[in-house]
2 protein chains.
Amino acid sequence: MIELRHMQALRLWHDVSLSLVHDKSHDLTVRQITILLSIYLDPPPHTVRGLAAKLEVTKPVITRALDSMGIKGLVSRRRDERDRRNVIIQKTLEGSLYLERVGDIIIEKARGLPR
Amino acid sequence: MIELRHMQALRLWHDVSLSLVHDKSHDLTVRQITILLSIYLDPPPHTVRGLAAKLEVTKPVITRALDSMGIKGLVSRRRDERDRRNVIIQKTLEGSLYLERVGDIIIEKARGLPR
DNA sequence: TTAATTAGAAACGGTTCCGAAACTAAAACT
DNA sequence: AGTTTTAGTTTCGGAACCGTTTCTAATTAA
């Protein structure tokens, strides 16, 4: 039998996920949102290889996720001038606004939970 | 500027999502996990049309998600004998165990947050 | 300066998902 | 009984994603 606090945790996950599904604007995969959150929450600089190691996926997975999210304006890329093999992944205004909305949703849904 | 409680909400979402990405066992999409959680948290009976309406997606999306999760043993389907047009979607032991683990992860990551 | 390493992207083939439309079967209506 | 409606699935063409492998460019090592 699942306990009450388990149910509340899962209810939160459900409610926020449902809001993300309803929000047709971006439709990110779990990997993509994890990458996006890493870029916005972890200390920079962010590189393809660093994200690949963190998520335990191959580099092409990161490259393609950045392609997709770049098209949507959620992240941008810039060559590292100190070592031009590197690509520095950067935040965008659009990405910040999107995550701010996601944060609002999480807080709102958490507030609605029984305590 | 993102506030502290925003950051904590997003950090929780990040940490749990990262755990889900690391967990190679099931690899569900956001839609799939939303459907799975609906089945386990909302009062039955669960039907294709009901889930489609709730998620605001077409019925084939639900059918296919149930196909995928059925193969993984996370849900099962049964004809409604009272109205044989309906399909009743049911929980499984495997699905319960999986969501119990997800609940554990959420609670664990929430505990690790600064307060 | 040439060879080896490193970072990231591109190419390849396969899988999965999508929405729209067509289809099957069961129930309800007339 | 025959038509219409309802529930769910299947099919279709297209898009996105996956892992592996290959490629390009930049840096480091010999």
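Everything numeric in this text was worked out from a predicted model, so none of it was measured. Below, chains carry the letters A, B, ... as their sequence lines are ordered, and counting in each starts from 1.
For dG8(D), the OP1/OP2 oxygens have no side-chain nitrogen or oxygen of Thr63(B) closer than 4.0 Å. Considering only side-chain N and O atoms, Gln32(B) lies nowhere under 4.0 angstrom from the phosphate OP1 or OP2 of dT16(C). The shortest distance between the side-chain N/O atoms of Ser68(B) and the OP1/OP2 oxygens of dC17(C) is below 4.0 Å. For dG8(D), one of the phosphate oxygens OP1 or OP2 lies less than 4.0 angstrom from a side-chain nitrogen or oxygen of Arg49(B).
Remark: Leu99(B) CG to Leu10(A) CG distance equals 6.0 Å, nearest 0.5 Å. To the nearest 0.5 Å, atoms CG (Leu12(B)) and CD (Glu108(B)) are separated by 11.0 Å. Separating the CG atom in Asp80(B) from the CZ atom in Arg82(B) is a distance of 6.5 Å, to the nearest 0.5 Å. Distance check: His46(B) NE2 to Ile35(B) CD1 gives 12.0 Å after rounding to the nearest 0.5 Å.
Leu66(A) has its CG atom 14 Å from the C1' atom of dC17(D), to the nearest Å. As rounded to whole Å, 12 Å separates atom C1' of dG8(C) from atom CG of Leu51(A). One atom, CZ of Arg77(A), and another, C1' of dG8(C), lie 9 Å apart when rounded to the nearest Å. Atom NE2 of His26(B) is separated from atom P of dT16(C) by 16 Å (rounded to the nearest Å).
When the nearest nucleotides of DNA chain C are assigned to His46(A) and Asp27(A) by heavy-atom distance, the more 5′-ward of the two goes with His46(A).
Overall, the helix from dT1(C)-dA30(D) to dT30(C)-dA1(D) carries an axis bend of 10° between its ends, with five pairs at each end and the value rounded to 10°.
Minimum heavy-atom separation, Arg78(B) to Gln90(B): NE-NE2, 3.2 Å.
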Solution key, residues 55-66 of chain B side-chain donor-acceptor pairs under 3.5 Å, sequence neighbours excluded:
residue  : atom : partner  : partner atom : Å
Thr63(B) : OG1  : Lys59(B) : O            : 3.4
Arg64(B) : NE   : Pro60(B) : O            : 3.4

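Using a cutoff of 4.0 Å between basic side-chain nitrogens and carboxylate oxygens, Arg31(B) and Asp27(A) are not scored as salt-bridged.
For the pair Leu18(A) and Lys109(A), the minimum side-chain heavy-atom distance is 4.5 Å or more. Side-chain atoms of Leu28(B) and Leu74(B), non-hydrogen and from C-beta on, do get closer than 4.5 Å to each other.
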Determine, for nucleotides 19-30 of chain D in 5'-to-3' order, which nucleotides have protein heavy atoms under 4.0 Å from the base (write B), from only the sugar-phosphate (write S), or from neither (write -). BBB----BS---

